[in-house]
Amino acid sequence: MIRKLVQAALRLTSHEVHMAEDGKQGLDLIERLHPDVVFSDVAMPLMNGFELADAMRARPGVAHIPIVFMTASVQREQIDECFRHGGGHLAKPFTMAELRTRVAQFSKN
């Protein structure tokens, strides 16, 4: 559902959107495509969002790419964890306008 919202929000913009089914597939896409920004759910199969961020930071070619964690958690500890892993935070549910604003903060386009 979140992936569909992201695609819909960015469909009429100049941004290319690539989706992954899980963290490992996401890391493969990131290494291949070098996106301007990565949006990642915290809870994903095979590799959670924090593990994805750690894997990105360990790879010089993609370590600089900003990551924004999407989570429904409002717990301060979870939000702090997003920042400790070098990312921003986008609370679910979010609006299309909120998503576009976050993309614009990091986009080179």
Side-chain angles (χ1 to χ4, degrees):
M1 180 74 115
I2 294 296
R3 288 188 303 216
K4 287 181 182 181
L5 176 62
V6 170
Q7 284 181 316
L10 300 177
R11 182 179 345 194
L12 299 177
T13 70
S14 63
H15 303 289
E16 287 184 34
V17 178
H18 302 275
M19 300 285 175
E21 295 289 322
D22 57 58
K24 287 192 182 287
Q25 186 183 70
L27 184 59
D28 290 342
L29 279 172
I30 292 163
E31 288 184 299
R32 195 164 23 98
L33 301 173
H34 296 263
D36 293 336
V37 63
V38 171
F39 285 82
S40 175
D41 204 321
V42 171
M44 296 186 296
L46 303 182
M47 178 187 290
N48 71 39
F50 299 138
E51 293 167 335
L52 173 64
D54 291 343
M56 287 173 59
R57 300 303 174 239
R59 290 166 169 77
V62 297
H64 67 283
I65 298 172
I67 186 166
V68 177
F69 296 103
M70 300 178 292
T71 178
S73 176
V74 294
Q75 294 179 356
R76 187 76 235 164
E77 300 83 33
Q78 175 107 45
I79 295 168
D80 289 345
E81 192 72 12
C82 293
F83 293 107
R84 275 195 295 279
H85 282 275
H89 176 261
L90 182 61
K92 294 189 291 187
F94 51 83
T95 67
M96 289 185 178
E98 289 170 322
L99 177 66
R100 286 187 200 109
T101 297
R102 291 301 233 155
V103 169
Q105 288 174 333
F106 296 105
S107 180
K108 297 176 190 172
N109 294 336

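Any value given below was found using the heavy atoms of this structure, including those in side chains, with hydrogens, waters and symmetry copies removed. These numbers come from a predicted model, not from an experiment. One-based numbering along the sequence shown.
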With heavy-atom distances below 4.5 Å as the criterion, would you say the side chains of Q25 and L46 are in contact?
no
CE of M44 to NZ of K24, rounded to nearest 0.5 Å, is 11.0 Å
Using the rule that Ile, Leu, Val, Met, Phe, Trp and Tyr join whenever any side-chain heavy atoms are under 4.5 Å apart, tell me whether F83 and L90 fall into a single cluster.
no
Would you call R102 and F94 a side-chain contact if the rule is heavy atoms closer than 4.5 Å?
no
Considering all heavy atoms of both residues, which atom of I67 and which atom of G86 are nearest to each other, and what is their separation?
CG2-O, 3.9 Å
Distance from R84 atom CZ to E77 atom CD, nearest 0.5 Å?
9.0 Å
Are F50 and F39 joined in one hydrophobic group, where the rule is that I, L, V, M, F, W and Y side chains link up if heavy atoms are under 4.5 Å apart?
no
Do you know the tightest heavy-atom contact between E21 and P45?
O-CG, 3.9 Å
Hydrophobic cluster identity match, L33 and L52, side-chain contacts under 4.5 Å
no
Could you measure the distance from the CE atom of M19 to the CG atom of L29? Nearest 0.5 Å is fine.
10.5 Å
Is any side-chain heavy atom of L27 closer than 4.5 Å to a side-chain heavy atom of E51?
no
Do M56 and V42 belong to the same hydrophobic cluster, where Ile, Leu, Val, Met, Phe, Trp and Tyr are linked whenever their side-chain heavy atoms lie under 4.5 Å apart, directly or via other members?
yes
Between D80 and R76, does at least one N-O distance fall below 4.0 Å, as a salt bridge requires?
yes
Checking side chain to side chain contact (heavy atoms under 4.5 Å, CB included) for the pair D22/M47: CA distance, chi angles, key distance, verdict?
CA-CA 7 Å; D22 57 58; M47 178 187 290; over 6 Å; no
Heavy-atom nearest pair, T71 first then C82, reads CG2-SG, 4.5 Å
Walk me through it: do V38 and V62 pass the test side chain to side chain contact (heavy atoms under 4.5 Å, CB included)?
CA-CA 10 Å; V38 171; V62 297; over 6 Å; no
F69 vs H85 aromatic rings, parallel, tilted or perpendicular, using cut-offs 30° and 60°?
perpendicular
What's the separation between atom OG1 in T101 and atom CE in M96, rounded to the nearest 0.5 Å?
13.5 Å
Consider only side-chain heavy atoms of I, L, V, M, F, W and Y, link residues closer than 4.5 Å, and tell whether M70 and V17 are in one cluster.
yes
Output for pair (H64 NE2, R59 CZ), nearest 0.5 Å, gives 14.5 Å
